[in-house]
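In listed order, ligands and their atoms are each counted from 1.
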Amino acid sequence: MVETWNGLTGQIDRSNNSRADLHLHTTYSDGALQPKDLVQQAHAAGLSVISITDHDNVGAIDEAMEAGKSLGIEVVPGVELSVALNDKDIHLLAYFFDHTNKKLLDYLAFFRYERLKRAERIVQKLNDINIPLKLDAVLDQAGIGSVGRPHIASALLEEGLTGTYHEAFMKYIGTGAPAYEKKYQLSPNEATQLVAQAGGLSFLAHPGKYTTDIELSTLIQAGLDGIEVVHPSHNEARQEFYRGVVHQYFLLECGGSDYHGGKKNDDQVLGVYTVPLEVVEDMRTRLFS
Ligand code: AMP
Ligand code: FE
Ligand code: FE
Ligand code: ZN
């Protein structure tokens, strides 16, 4: 993929103005940027449609839409949900739902509450193995956002309790590590139904190379509308593979940078991992015609 914008030099290639980035995070989950600042950066990167897909949180959407209006960027309602499939943590991206839908908002609030309880359990487990992390340090990292393991890893790093962010996952909080705790998750069926009743479409996020054929077909049967094809974790061959699956099952595709505002060594991804606007039009067609 050709790099069209460099966040460090600020060089812009306006050929991006027929491109969309449908996977972005803000301070409402584990991103570093406030919604309006992210919209500003997306504009500088030449994008014309974006979706903010915070984990279990739609709090950024109104502010982003407002900022988008003045800059001429369309903001599509989005969210990233976690579902459990045979104990595996699978991420779904949802788009074009009514972000004031009461049932959806109630569920998201419940997921965030469960995330907080889980953060408390993780901190307790860390303390039990003599890692003196305080919950407050985690909450400082999370701010207004949905609390997640990224905030715990950042807090461990900040407090000098881990050498690197990744080491925090490997030694303490990753799957199977001593302070690992599951989070509350819906089944794939329940999640796609929750999104559908709010008028939206559900996509399998970054399936990468770790999603087996059986898992893929189970998820498709659970009511997925599409698959995230373009993502920094997908090389060209992966993209082609998932594009093939999309065509085979009459699904839609989506894609984006999964940009966290530079928080995860991801300064270079904005404006680079994009999809054409037809992708967004295909979603609208499926929903509204
Ligand atoms: P949570 O939703 O709180 O379980 O956090 C999941 C997030 O943690 C993922 O979206 C990744 O950003 C991050 N993550 C999970 N496993 C790892 C890992 N082994 N190394 C680095 N980041 C990870
Ligand atoms: Fe994230
Ligand atoms: Fe994800
Ligand atoms: Zn994401």
Side-chain angles (χ1 to χ4, degrees), residues 20-35 38 41-42 50-61 64 75-85 88-95 108 111-112 115-116 118-119 122 138 141-155 157 165-166 168-169 173-175 182-183 185-186 188 191-192 195 200-211 215-216 219 224 226-234 238 242 253-270 272-275:
D21 183 337
L22 304 175
H23 193 159
L24 297 162
H25 294 270
T26 73
T27 46
Y28 281 85
S29 63
D30 53 349
L33 299 173
Q34 289 181 21
L38 178 59
Q41 282 201 7
I50 63 166
S51 185
I52 292 175
T53 51
D54 280 313
H55 303 278
D56 299 334
N57 204 330
V58 293
I61 296 175
V75 178
V76 173
V79 72
E80 186 166 9
L81 302 174
S82 306
V83 300
L85 179 62
K88 202 163 172 175
D89 181 25
I90 305 272
H91 291 183
L92 298 187
L93 292 163
Y95 301 111
L108 296 179
F111 297 152
R112 295 197 297 274
R115 280 174 168 278
L116 182 60
R118 173 214 197 201
I122 292 178
V138 176
Q141 290 292 331
I144 56 165
S146 320
V147 190
R149 285 180 295 163
H151 302 116
I152 297 174
S154 298
L157 190 61
Y165 179 88
H166 283 277
F169 279 90
I173 60 174
T175 316
K182 277 187 186 168
K183 73 189 160 204
Q185 287 167 309
L186 295 181
T192 58
V195 171
L201 297 167
S202 303
F203 291 72
L204 174 60
H206 46 69
K209 50 185 176 221
Y210 301 108
T211 309
E215 287 166 351
L216 196 55
L219 287 162
L224 278 187
I227 297 175
E228 186 176 45
V229 172
V230 173
H231 184 269
S233 66
H234 291 175
R238 280 286 121 194
Y242 286 114
E253 75 172 80
C254 70
S257 65
D258 209 353
Y259 179 52
H260 286 74
K263 227 178 179 177
K264 299 191 173 176
N265 280 331
D266 59 359
D267 295 290
Q268 309 292 322
V269 297
L270 193 67
V272 177
Y273 295 91
T274 62
V275 289

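Taking the six-membered ring for Trp and thresholds of 30 and 60 degrees, Y242 and H234 have nearly parallel ring planes, at less than 30 degrees apart. Using cut-offs of 30° and 60° on the angle between ring planes, the pair H23 and H231 is tilted.
Listing protein N, O or S atoms at distances below 2.8 Å from the Fe ion (ligand 3), with waters left out, gives E80 OE2, H91 ND1, H206 NE2.
Around atom NZ of K182, no more than 12 heavy atoms belonging to other residues, nucleotides or ligands sit under 6.0 Å away.
Nearest approach of L24 to S257, heavy atoms of both residues: CD2-OG, 3.5 Å. Across every non-hydrogen atom of S82 and K183, the tightest pair is OG-NZ, 3.0 Å. Considering every non-hydrogen atom in both D54 and I52, the closest pair reads OD2-CG2, 3.4 Å.
Looking at H260 and the Fe ion (ligand 2) together, the shortest N, O or S contact belongs to NE2. For D30, the N/O/S atom at the shortest distance from the Fe ion (ligand 2) is named OD2.
Protein N/O/S atoms closer to the Zn ion (ligand 4) than 2.8 Å number 4 in this structure.
Using a 4.5 Å heavy-atom cutoff, the side chains of L81 and L108 are in contact. With contacts defined as side-chain heavy-atom distances shorter than 4.5 Å, the pair I144/T27 qualifies. Contact of the F111 side chain with the L186 side chain is registered, since non-hydrogen atoms from C-beta on lie closer than 4.5 Å.
Under 3.5 Å, the side chains of S29 and N57 contain no donor-acceptor pair of N or O atoms.
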